[in-house]
K.L.:
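The structure follows.
In what follows, chains carry the letters A, B, and so on, assigned in the order in which the sequence lines appear, proteins first and then strands, with residues in each chain numbered from 1. In this text the structure is predicted, and so the values were computed from the model without any measurement.
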There are 2 protein chains.
Amino acid sequence: MTSSQVAEHAGVSQSAVSRTFTPGASISSKTRQKVLASAKVLGYRPNAIARSLITNRSRIIAVVMAYLENLFYPDVLEELGRALAAENYHLLLFTGFMDRDSDPVFDQLMQYRVDGIILASTSLSSELSEECASAGIPVVLFNRTTERDAVSSVTTRNREGGKRIAEFLVAGGHKSFGYIAGLENSSTNRDRHQGYVEGLAGHGITEIAYEIGNYSRPKRKLRRA
Amino acid sequence: MTSSQVAEHAGVSQSAVSRTFTPGASISSKTRQKVLASAKVLGYRPNAIARSLITNRSRIIAVVMAYLENLFYPDVLEELGRALAAENYHLLLFTGFMDRDSDPVFDQLMQYRVDGIILASTSLSSELSEECASAGIPVVLFNRTTERDAVSSVTTRNREGGKRIAEFLVAGGHKSFGYIAGLENSSTNRDRHQGYVEGLAGHGITEIAYEIGNYSRPKRKLRRA
DNA sequence: CTGAAAGCGCTAACAG
DNA sequence: CTGTTAGCGCTTTCAG
């Protein structure tokens, strides 16, 4: 079903059909009704692909989440899906690859001319971040930060969180302290650790056991709903 | 960056550029190299949107998962992402809406001319399932079954599972039995229940307490990674 | 408000 | 193997 076919059926021009499905386009409600009626009969839906080609906007946002094992991410994903749908955007998900080889992912992603990229649980090589910038594709990091100021990022206040944990433990009367790191060189981990150390330092505590955990646990097997 | 620009830069026809990026196309390796070189310099990537418009294949698979709260689904999603990427397909995710209003979702989904639809944690209204069929879009249900034979589905053997649980409990010497249902009218729940009842019946047990749980638990709040 | 016409970037015959 | 040509389905000037 194409707009031309609908136009023919409705006895109007193809442009009229296009205008019918373009919010705010200049069209009389009479013509509009005719088109809508024909569209319904023929089961017509505008072709988003063709539209994208000419408007240069795909209304697709790429979301890159290397893994979903961390329970936090599915929650985020669901929320993201809801929010994007509300704005009539669509979510192209890239997941299930190791953190290392994200470059080929971007190659794919660029080909779809996505309107924006949300990076969670992965980072962008500086080369690619530059390419996105020069291509005019907005990139936002989620739960990550970076020094490059071209890239926006959304995170929680990890340092504050670490500090509060420290206060909490001290207030609980604890006497010996430790810290189990996540991915050691992630900004998330650095910030939490810093806050924790600072918090304890405020109480004159400097002796803190340290271990690296990498957020690891035995790999989950597929489970049944 | 368009193929024409690359063609000009490389001193070949635009078709040559197209052929360079079409696996199996008839092109000399000399021309190919020239094109590849120019493409690299200019940072060219084929426009998947334009390609889709003419080939009528988007290489996009829509995955519909109403919610991701059940830990099983993120696992599936990750696996799906991996598998699709390996075949050079892309995953358009629809999530974060209530089970009821999935019809508008399909409206969106149809506009993108997806090559196929995977439905998990949601069902398709018969009307839409028909429309997909007539549009030639393959649909597969995941973790759901249906009577309509036009629709394929992938599930685990729930009946067998229910039966085995029964055997297990009996073998453990238990004497009184109960069953907590999930969503009561889902095929998944029906099959498990049936298997469980059958299994127990095999041992002459017919008295089984019954309660509906709806897989519920207090709604999870956003958690930090 | 409406239609005609030009093209978005690409693939797919078609000749050479 | 290569270039030329004709569209894919749509939006967007441009006249009327």
K.L.:
In whole angstroms, how far is the C1' atom of D/dT2 from the CD atom of B/Gln33?
P.N.:
17 Å
K.L.:
Could you tell me how the ring of B/Tyr112 sits relative to the ring of A/His90: parallel (under 30°), tilted (30 to 60°) or perpendicular (over 60°)?
P.N.:
perpendicular
K.L.:
Let me have a per-nucleotide readout for nucleotides 7-16 of chain D, 5' to 3', with B, S or -, counting only protein heavy atoms under 4.0 Å.
P.N.:
BBBBBBB---
K.L.:
Evaluate side-chain hydrogen bond (donor to acceptor under 3.5 Å, both in side chains) for B/Ser3 paired with B/Gln14, printing each intermediate quantity in order.
P.N.:
CA-CA 6 Å; B/Ser3 58; B/Gln14 182 267 326; 2.9 Å; yes
K.L.:
Which part of the nucleic acid, if any, lies within reach of B/Ser26 when heavy atoms closer than 4.0 Å are counted: base, sugar-phosphate only, or nothing?
P.N.:
base
K.L.:
Have a look at B/Ser52 and say if it touches a base, only the backbone sugar-phosphate, or nothing, with a 4.0 Å heavy-atom cut-off.
P.N.:
nothing
K.L.:
In this structure, which one of A/Arg164, A/Lys163, A/Arg157 forms a side-chain hydrogen bond (donor to acceptor under 3.5 Å, both in side chains) with A/Glu160?
P.N.:
A/Arg164
K.L.:
Do B/Leu36 and B/Phe21 have side chains that approach each other closer than 4.5 Å (heavy atoms only, starting at C-beta)?
P.N.:
yes
K.L.:
Among A/Leu92, A/Leu91, A/Leu84, whose side-chain contact (heavy atoms from CB on, under 4.5 Å) with A/Ile60 holds?
P.N.:
A/Leu92
